[in-house]
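Nothing here was measured: the structure is a model prediction, and the numbers come from that model. Just so you know, ligand 1 is whichever comes first in the structure, and atom 1 is the first atom listed for that ligand. Excluded from the calculations below are hydrogen atoms, water molecules and symmetry mates; all remaining heavy atoms, backbone and side chain alike, are included.
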Amino acid sequence: MLEKLKLKTFDAEEIRKDFPILERRVNGKQLVYLDSAATSQKPRQVIEAEKAYYSEYNANIHRGVHKLSQEATEAYEGVREKVLRLINAREKEEIIYTRGTTEAINIVTGSVLLNSLQKGDEIVLTVMEHHSNLVPWLAMKKRGIDVKFVDINDDGTLKMEQFEVLITKKTRIVAVSCASNLLGTINDARKIAKIAHENDALALLDAAQAVPHMPVDVKAMDCDFLAFSGHKMLGPTGTGILYGKRYLLEEMEPVQFGGDMIKEVHLTHATWNDLPWKFEAGTPNIAGVIGLGVAIDYLQKIGLSNIRMHEKQLIAYALKTLKEIKGIRIFGPMDPEIRGGVISFNLADVHPHDLATVLDYEGIAVRSGHHCAMPLTERLGETATTRASFYIYNTEEEIDRLVEALEKARKVFGV
Ligand code: PMP
């Protein structure tokens, strides 16, 4: 049904052929897509897998004995094994399908496990968190739970020593991103989880900017929860994963109630389904999950280490070339070893939205604004930044196009 992936070694030009959208022209120019941190493009293998589901075996899962339902259930459930292997989880019961990172984190914050937190308990986050790993925790403040923040150094790395001070016996959970969507900083998640555990706290990792870009191993990192989004890793929108250690997921109450998440329903009471379905109420994004499975196959065929290597080369090249532009301020570490394929910057006093508009005239798609990290943007002393982000299909030539367009923008704005 699905065409065999032809990739053998890493070759961005070869990879690009699988992404129909990259042939687009924007404002008369060849599209340069530098916004994969917001959402990645999709290869035709993923698009075709979704189409095949709808045109060949569209049916609801789990509840049907007919052939189409069986095929759909098999395809949908089969993806759990792929996710398990991707992040090196122990068992399929630990893999919960969600709509994305945001929903995954909300399942943890909304569950009774954390509803059992009491006044005086503490949560430790960092100032570089995306709103989806920040706002759900802030919402707990009204219950008297204190939220503390680890700060960053001038180079955009975390002040690691602050974890040792802020994480105490009062800390119940430490929730940190593996990689920042604004600074690109790759955090030492393993060490942070270790400090959390030494204090009997749980560790939740926001891996939205990690799982698509580098090998992630939940056993090695020993995190308790890991959240990531399918749409940032070549998969369809509306897909994501919550990984949780089984004993914790067993303890947790569901946060959404309805069909499929139950074992038995009576007019007086209901009992919950086994893991992982306990957390998956209602008809899910079946086509999306099937597409995500193909996206995982695609990424693994290339190899996550190769993807990391490619992005490291791109970011090294981008840092080297962009820093030569007069008036540019680049945020985040200048060392590609600790930086993912994300580069946020500002050009003199040009507003990032104006800059992004000029880049768009040149066919270059970047993002401008606070990137759902308002506290971090404020911490940097800015109101907004412009962000270019890279993925498997980007090339050094595209970074050259970005640099040329930024030089043009300097002339337009007279800076
Ligand atoms: N965390 C990080 C670090 C992110 O970059 C994003 C997406 N920009 C999210 C969480 C939220 O992901 P989603 O919108 O797919 O739920």
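- Aromatic pair Phe228/Tyr243: ring centres not closer than 6.0 Å.
- Salt bridge absent: Glu398 and Arg401 never bring a charged side-chain N and a carboxylate O closer than 4.0 Å.
- Checked against the 6.0 Å centroid criterion, the rings of His370 and His131 qualify as a close aromatic pair.
- A donor-acceptor pair shorter than 3.5 Å can be found between the side chains of Tyr317 and Asp400.
- The stretch residues 224-249 participates, sequence neighbours left out, in these salt bridge (charged side-chain N to carboxylate O under 4.0 Å, His left out) pairs: Glu91-Arg246, Glu93-Arg246, Asp222-Lys245, Asp224-Lys245, Arg246-Glu250.
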Identify all pairs of nitrogen or oxygen atoms, one from ligand 1 and one from the protein, separated by less than 3.5 Å, and list them with distances.
from	atom 1	to	atom 2	distance (Å)
ligand 1	1 (N)	Asp206	OD1	3.2
ligand 1	1 (N)	Asp206	OD2	2.6
ligand 1	5 (O)	Gln209	NE2	2.7
ligand 1	8 (N)	His130	NE2	3.2
ligand 1	8 (N)	Lys232	NZ	2.7
ligand 1	12 (O)	Ser229	OG	3.4
ligand 1	15 (O)	Ser229	OG	2.7
ligand 1	15 (O)	His231	NE2	2.7
ligand 1	16 (O)	Thr101	N	3.3
ligand 1	16 (O)	Thr102	N	2.9
ligand 1	16 (O)	Thr102	OG1	2.6

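- No donor-acceptor pair closer than 3.5 Å links the side chain of Arg44 to the backbone N or O of Ile47.
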